[in-house]
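One structure is given below, encoded as structure tokens.
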Amino acid sequence: MYGWIWRHLPGNVWVRALISLVLALAVVYVLFQYVFPWAEPLLPFNDVTVDGAGVAR
């Protein structure tokens, strides 16, 4: 997949590297701004099963 993307980018090696970096940053931005906030309520990370029983005081 990455080879296919690299072959289809225009320009020489430096231009392709810059375009690849911009594309990677765009993917990270979309993930953090849209995908992760949408998926957060669906994930079980806030399902805590510790109830405090057995805590020595």
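Everything numeric in this text was worked out from a predicted model, so none of it was measured. Quick note: numbers below take in every heavy atom, side chains included, and nothing from hydrogens, waters or symmetry partners.
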Nearest 0.5 angstrom please: Leu21 CG to Leu25 CG, how far? 4.5 Å

Quick one: list whatever passes side-chain contact (heavy atoms from CB on, under 4.5 Å) with Val15, sequence neighbours left out. Asn12, Ile19

I'd like to know if Val22 and Ile5 are part of one continuous hydrophobic network [Ile/Leu/Val/Met/Phe/Trp/Tyr, side-chain heavy atoms within less than 4.5 Å]. no

Cluster link Leu18 to Leu9, ILVMFWY, side chain under 4.5 Å: no

If you look at every heavy atom in Arg16 and Arg7, which pair is closest and at what distance? NH2-O, 4.2 Å

Going by the ring pair (Phe, Tyr, Trp, His ring centres under 6.0 Å) test, which pairs reach into residues 23-43, not counting sequence neighbours? Phe32-Phe36

